[in-house]
Amino acid sequence: MIEMQGVTKKYPNGVTALSGVDVTIKQGDFVYVVGPSGAGKSTFIKLIYREEKPTEGKVIVGGINTAALKQRSIPTLRRQIGVVFQDFKLLPLLNVYENVAFALEVIEEEPAVIRKRVMEVLDLVGLKHKARMLPTELSGGEQQRVAIARSIVNSPKVVIADEPTGNLDPDTSWDIMRLFEKINERGTTIVMATHNKDIVNTIRRRVIAIEGGRIARDEQGGDYGYEA
Ligand SMILES: Nc1ncnc2c1ncn2[C@@H]1O[C@H](COP(=O)(O)OP(=O)(O)OP(=O)(O)O)[C@@H](O)[C@H]1O
């Protein structure tokens with residue numbers, strides 16, 4: 001599903017965020033990306049959804065080599081990928097329903113399909129009854145649920161999440177994790193950068209630890225391995 005071969009990422013300011021990264025993530029995997037601050041986790045995530053391009057090496061997502069991708073083909077890649085951020089990134093003037101529907105409107109999906117899919121995913125995340133509310137009328141956990149609904153509404157093969165519980169209290173974080181588990185159980189690959197030691201050590205999954213831009217550890221069912 002996701003393959004990195006000899007990936008190095010050097011930013012224009014001269015910082016090398018990743019170097020010599022080789023990794024394969026299979027369809028249906030659930031992967032935590034952990035490591036100290038500044039280790040390169042967000043860069044790893046951004047390379048997958050082609051927010052950044054590698055300086056060297058290949059990033060292949062669903063058979064597409066992202067570095068060779070023309071600007072106009074980026075939407076084709078992004079259709080396979082849902083993205084969830086720490087700060088939710090909802091559109092503040094659109095209600096819950098509209099925020100989720102937007103992801104399908106931009107790819108010109110049929111209105112009837114949009115209505116059906118949006119209500120299905122809002123049901124899945126437990127927010128059908130809040131479809132007409134604005135993001136500002138919701139709690140942080142509810143906003144993250146909307147962001148997750150948006151990320152899966154076009155049935156992507158993979159959901160990428162950068163610190164999805166970073167702004168949430170512990171109880172809410174567990175609820176959000178249960179939702180990611182549910183999505184993973186349906187066959188969607190999950191790649192999640194996180195600093196949440198408790199979660200990584202409790203919901204055991206594959207752990208890729210990045211230190212100084214290199215993969216320091218890649219273990220099935222591994223632990224967080226750092227002080228929180
Ligand atoms: N757009 C950019 N331009 C220049 N340098 C960058 C850019 N983005 C990240 N970096 C640098 O690349 C390195 C890796 O950053 P990255 O954000 O990938 O780390 P991280 O592991 O996600 O950190 P954190 O846990 O603090 O979010 C850092 O030294 C950072 O300062």
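Computed over heavy atoms, backbone and side chain alike; hydrogens, waters and symmetry mates excluded.
Listed by chain and number, the residues in a salt bridge (Lys or Arg N to Asp or Glu O under 4.0 Å) with Lys41 amount to none (sequence neighbours excluded). Residues that satisfy the side-chain contact (heavy atoms from CB on, under 4.5 Å) test with Lys130, not counting sequence neighbours, are Leu127, Met133, Leu138, Glu142. Checked against salt bridge (Lys or Arg N to Asp or Glu O under 4.0 Å), Asp162 has no partners two or more places apart in sequence or in another chain. For the side-chain contact (heavy atoms from CB on, under 4.5 Å) test, residues two or more places apart in sequence or in another chain that qualify with Ala149 are Val100, Val121, Leu122, Val125. Judged as a side-chain hydrogen bond (donor to acceptor under 3.5 Å, both in side chains), and not counting sequence neighbours, the contacts of Asp175 are Arg178. Partners of Phe44 under the ring-ring contact (aromatic ring centres under 6.0 Å, His included) rule, at least two apart in sequence or in another chain, do not exist in this structure. In terms of the side-chain hydrogen bond (donor to acceptor under 3.5 Å, both in side chains) criterion, Gln143 has no residue partners (sequence neighbours excluded).
Counting only residues at least two apart or on different chains, the salt bridge (Lys or Arg N to Asp or Glu O under 4.0 Å) pairs with a member in residues 103-129 are Lys116-Glu120, Arg117-Glu120. Here salt bridge (Lys or Arg N to Asp or Glu O under 4.0 Å) pairs that include residues 62-76, with residues two or more places apart or in two chains, number zero. Sequence neighbours left out, the pairs with a member in residues 4-22 that pass salt bridge (Lys or Arg N to Asp or Glu O under 4.0 Å) are Lys9-Glu52. For residues 202-220, the set of pairs meeting the salt bridge (Lys or Arg N to Asp or Glu O under 4.0 Å) definition, not counting sequence neighbours, comprises Asp29-Arg206, Glu181-Arg205, Arg206-Asp218, Arg217-Glu219, Arg217-Asp223.
Nearest heavy-atom pair, Trp174 versus Asp198, reported as atom, atom and distance to 0.1 Å: CH2-O, 3.7 Å. Smallest separation of non-hydrogen atoms from Val59 and Pro54: CG2-CG, 3.9 Å. Of all heavy-atom pairs spanning Val159 and Ser151, the tightest one is CG1-OG, 3.9 Å. Between Val7 and Lys58 the shortest heavy-atom distance is CG2-O, 3.2 Å. Taking all atoms of both residues into account, the shortest heavy-atom contact from Ala193 to Pro164 is O-CD, 3.7 Å. Counting all heavy atoms, side chain and backbone alike, Glu98 lies closest to Leu94 at OE1-CA, 3.4 Å.
Note: the hydrophobic cluster containing Ile215 does not contain Val200 (ILVMFWY, side chain heavy atoms under 4.5 Å, direct or indirect links). Linking Ile, Leu, Val, Met, Phe, Trp and Tyr whenever their side-chain heavy atoms come within less than 4.5 Å leaves Met1 and Ile190 in two separate clusters. Under a hydrophobic clustering in which Ile, Leu, Val, Met, Phe, Trp and Tyr are joined whenever their side-chain heavy atoms come within less than 4.5 Å, directly or via other members, Tyr32 and Ile208 fall into different clusters. A chain of hydrophobic side-chain contacts below 4.5 Å, direct or via other Ile, Leu, Val, Met, Phe, Trp or Tyr residues, connects Tyr224 to Val207.
For the pair Leu168/Ile176, a side-chain contact is recorded, criterion being any heavy-atom separation below 4.5 Å from C-beta on. Leu47 is not listed as a side-chain neighbour of Thr66, based on a closest heavy-atom distance of 4.5 Å or more. Side-chain contact between Leu179 and Arg145 is present, with heavy atoms from C-beta onward closer than 4.5 Å. Residues Val61 and Ile64 form no side-chain contact, since every pair of their non-hydrogen atoms from C-beta on lies 4.5 Å or further apart.
The main-chain N or O of Ile60 is never found under 3.5 Å from a side-chain atom of Asn65 such that the two would form a donor-acceptor pair. Not one N or O on the side chain of Glu3 forms a donor-acceptor pair closer than 3.5 Å with the backbone of Val23. Of the possible polar contacts, one joining the Ser173 side chain to the Asp169 backbone as a donor-acceptor pair under 3.5 Å is found.
To the nearest 0.5 Å, the span separating CZ on Phe30 from CD1 on Ile25 amounts to 12.0 Å. Taking CG of Leu104 as the start and CD1 of Ile114 as the end, the distance is 5.5 Å to the nearest 0.5 Å.
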Table please: side-chain donor-acceptor pairs of residues 78-88 below 3.5 Å, with sequence neighbours left out.
| from | atom 1 | to | atom 2 | distance (Å) |
| --- | --- | --- | --- | --- |
| Arg78 | NE | Tyr49 | O | 2.8 |
| Arg78 | NH2 | Tyr49 | O | 3.2 |
| Arg78 | NH2 | Arg50 | O | 3.1 |
| Gln80 | OE1 | Lys157 | NZ | 3.4 |
| Gln86 | NE2 | Asn167 | OD1 | 3.2 |
| Asp87 | OD1 | Lys89 | NZ | 3.4 |
| Asp87 | OD2 | Lys89 | NZ | 3.4 |

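Residues Thr43 and Tyr11 have side chains that bring a donor and an acceptor to within less than 3.5 angstrom of each other.
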